[in-house]
Each structure stands twice: as structure tokens, then as C-alpha cells.
Chemist: 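Shown below is the structure under consideration.
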Amino acid sequence: MNIKKKAALGIVSALAVVGLTACGGGGAVVKTDDGDVTKDELYDAMKDKYGSQTVQQLTFEKVLEKKYKVTDKAVNAKVKTYKDQYGDQFASVLAQSGLTEDSFKENIKYNLLVEKATEDNVKVTDKKLKAYYKTWKPDITVRHILVEKEDTAKEVEKKLKAGAKFEDLAKEYSTDTSTKNNGGLLPAFGPGKMDAAFEKAAYALKKKGDISAPVKSQYGYHVIEMVKPADKTSFEKDKKAVKKAYIASQVTQENMQKALKKVYKDAGIKVEDKDLKDAFSQYSSSNSSSSSK
């Protein structure tokens with residue numbers, strides 16, 4: 001179990017059509033006493049249903065790979081975050097979305113390429129960064145112990161106040177299997193990454209070693225210990241981290257669409273298949289600017 005906000009898979013699930021283009025011929029993929037389903041029939045049906053989505057992804061990926069690099073390590077790290085979030089349900093969530101782990105990885109790679117293009121399209125000025133800095137919060141690092149019942153959380157809190165080690169109690173009590181054997185330690189995170197109640201309680205801890213009262217989230221009850229508090233100093237000293245956070249905040253669906261419109265315009269894309277002539281219509285319109293506001 002993980003207390004990070006669960007992200008919807010939200011990724012194109014049409015890649016099953018990929019590869020059928022190379023099948024050739026009209027041989028049967030299914031045979032019945034009442035007639036066969038041919039490769040051509042299957043391809044035509046999938047093309048009608050998924051063709052535009054798939055040709056968009058394949059085309060943009062080919063163009064973006066010429067400019068940006070996404071490593072297998074980056075893809076696997078992203079997949080791991082989903083596995084951590086969904087736990088034992090990961091395989092069934094993929095199946096419900098019409099994905100295999102391989103096609104999911106391919107879509108993750110594509111999304112990361114689009115994110116890189118979007119980040120490239122963000123215009124950064126000191127004026128924008130200074131305005132963002134006013135509400136910006138640095139990442140923090142905490143430990144937590146997750147339990148099912150409030151009474152158990154209070155028992156953990158009482159033992160901590162009596163001098164028990166947080167790491168020992170995490171191993172003994174925590175139901176978060178991804179962190180309990182590491183003393184409950186979570187990766188550093190910033191605003192918007194965790195369950196809202198958990199995040200609020202974590203940021204309320206100001207000094208290293210501060211421990212929260214039991215906090216209820218959608219996952220159960222948490223006791224949280226501050227490991228590395230938010231260390232906001234000055235704009236000039238924090239500028240590098242602020243810029244990184246600001247750019248990440250601009251990777252929205254709207255700005256990703258703007259970035260892809262720019263890619264479409266610059267790449268000289270021409271659709272030769274009359275059945276897919278409108279596949280890029282949403283990117284060929286001229287009523288949207290190509291950079292983030």
C-alpha cells in the first residue's frame with residue numbers, strides 16, 4: 001500500500017492495432033463453422049476504432065525520439081510508481097484498460113517524450129519564478145507508520161512518546177509493505193503528491209524528529225515523523241529547485257496539447273491514408289498558441 005495520490009492510467013490503450021499493419025494477407029485469425037474472421041477484417045475494425053489515436057502516437061513518438069531521449073531506466077522507474085500505487089491490483093487495472101505491461105511501458109515512454117517536449121515549450125522568466133516562489137513549498141522527507149485502526153495508531157504514538165524507536169515500530173505495526181522494512185521512510189515529496197490529509201499533517205511538522213498525532217487518510221491511520229523539513233531560504237538560493245518545480249507544474253494536459261501542435265507544425269507531417277486524413281485535425285488548427293502562458 002502507498003499513500004501517494006493514485007494517478008489514473010489515463011494512457012492510450014489502442015496499441016493492439018500496432019503490428020497488424022505488417023501482417024499482410026487476409027488469412028484467418030479465427031475460424032468458425034459459420035465463417036472466418038480474417039486478418040484484414042480484424043485490422044479494418046481496429047483501424048476504425050483505434051486508428052487515429054494509434055497513428056498519432058506512432059508519428060509523434062518517431063518525431064520526438066529524434067530530439068529527446070527516454071531511457072529504459074526512466075520508463076521502469078515510472079512503471080514502478082504505478083505498481084507501488086496499485087499494488088496487487090496493478091495487473092487487473094492494466095487488463096481493464098486493455099493494456100499489457102509491455103504496451104503500458106510503450107505508452108509510458110511516449111508520455112515521457114511528450115512531457116520533455118512540453119517542458120521545452122515552457123517560457124521561464126524571473127518574474128514568473130518569483131511569483132511562483134511566494135506559494136512554493138520545498139520537498140520534505142518523512143517516515144510514517146500506517147495502521148488500520150485509530151486505537152492502534154494511538155498505541156504507536158504512546159510508545160513513541162515513551163522512547164520507542166520509530167523504525168522498530170514501523171516494522172512491527174505498519175501495514176505499508178513498501179516502507180515498513182525501511183523504518184517507514186518515504187521518498188521526498190512536494191505539494192500535491194500525497195493524500196491531502198497526510199500532506200497537511202506532514203507539512204505541519206516543522207523540526208526533525210517532530211511526530212504527528214494519528215492522521216486519518218483514505219488508507220487508514222498514520223503516525224508521521226519529520227526527517228527533513230521544508231527548508232525555504234531565499235529566492236536566489238532556492239531558484240534552481242523553484243525553476244524545476246515551476247516547469248513541472250506547467251506540464252498540464254493543455255500545455256501538452258500546445259506542445260504537440262508545435263511538433264505537428266514543425267515536423268511536416270502528411271497523412272497519406274485517406275481513412276486517417278483527419279487523425280491530426282486537433283493539432284492542425286491555428287487557434288492555439290504554441291507556448292505556455
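Along the sequence shown, residues are numbered consecutively beginning with 1.
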Chemist: With a 4.5 Å cut-off on side-chain heavy atoms, are Asp120 and Val122 touching?
Modeler: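 Side chain of Val122 against side chain of Asp120, heavy atoms only: no contact under 4.5 Å found.
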Chemist: Any chance the rings of Tyr132 and Phe235 have centres within less than 6.0 Å?
Modeler: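 Judged by ring-centre distance (under 6.0 Å), Tyr132 and Phe235 do not meet the cut-off.
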Chemist: Which atoms form the tightest heavy-atom contact between Asp195 and Ser217, and what is the distance?
Modeler: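 So the two residues come closest at OD1-CB, 3.3 Å.
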Chemist: Ring centres under 6.0 Å, that's the criterion: do Tyr246 and Tyr133 meet it?
Modeler: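 Distance test on ring centres: not under 6.0 Å, no.
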Chemist: So, applying ring pair (Phe, Tyr, Trp, His ring centres under 6.0 Å) with Phe60, which one of Tyr110, Phe280, Tyr68 is it?
Modeler: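 Single ring pair (Phe, Tyr, Trp, His ring centres under 6.0 Å) partner of Phe60 among Tyr110, Phe280, Tyr68: Phe280.
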Chemist: Is any side-chain heavy atom of Thr141 closer than 4.5 Å to one of Met226?
Modeler: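 They are not in side-chain contact.
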Chemist: Does some side-chain heavy atom of Phe189 sit less than 4.5 Å from a side-chain heavy atom of Val142?
Modeler: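 Sidechains of Phe189 and Val142: in contact.
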Chemist: If we only count heavy atoms from C-beta on, is the Pro229 to Lys207 side-chain gap below 4.5 Å?
Modeler: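 Pro229 vs Lys207: side chains apart.
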Chemist: With a 4.5 Å limit on heavy-atom distance, are the side chains of Glu101 and Phe90 in contact?
Modeler: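 They are in side-chain contact.
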Chemist: Quick one: are Ile224 and Arg143 in side-chain contact, heavy atoms under 4.5 Å?
Modeler: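 Not touching, per the 4.5 Å side-chain cut-off.
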Chemist: How about Gln257 and Gln282: do any of their side-chain heavy atoms sit closer than 4.5 Å?
Modeler: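 Touching, per the 4.5 Å side-chain cut-off.
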Chemist: Is any side-chain N of the basic residue among Lys109 and Asp72 closer than 4.0 Å to the acidic one's carboxylate O?
Modeler: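 The answer is no: the pair does not qualify as a salt bridge.
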Chemist: Going by an N to O cut-off under 4.0 Å, is there a salt bridge joining Lys171 and Glu167?
Modeler: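 No salt bridge links Lys171 with Glu167.
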Chemist: For the pair Asp273 and Lys47, find out whether any cationic side-chain nitrogen is under 4.0 Å from an anionic carboxylate oxygen.
Modeler: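 A salt bridge is present here (some side-chain N lies under 4.0 Å from a carboxylate O).
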Chemist: Taking NZ, NE, NH1 and NH2 as the nitrogens, is one of them in Asp238 or Lys232 under 4.0 Å from a carboxylate oxygen of the other?
Modeler: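 Answer for the salt bridge query: no.
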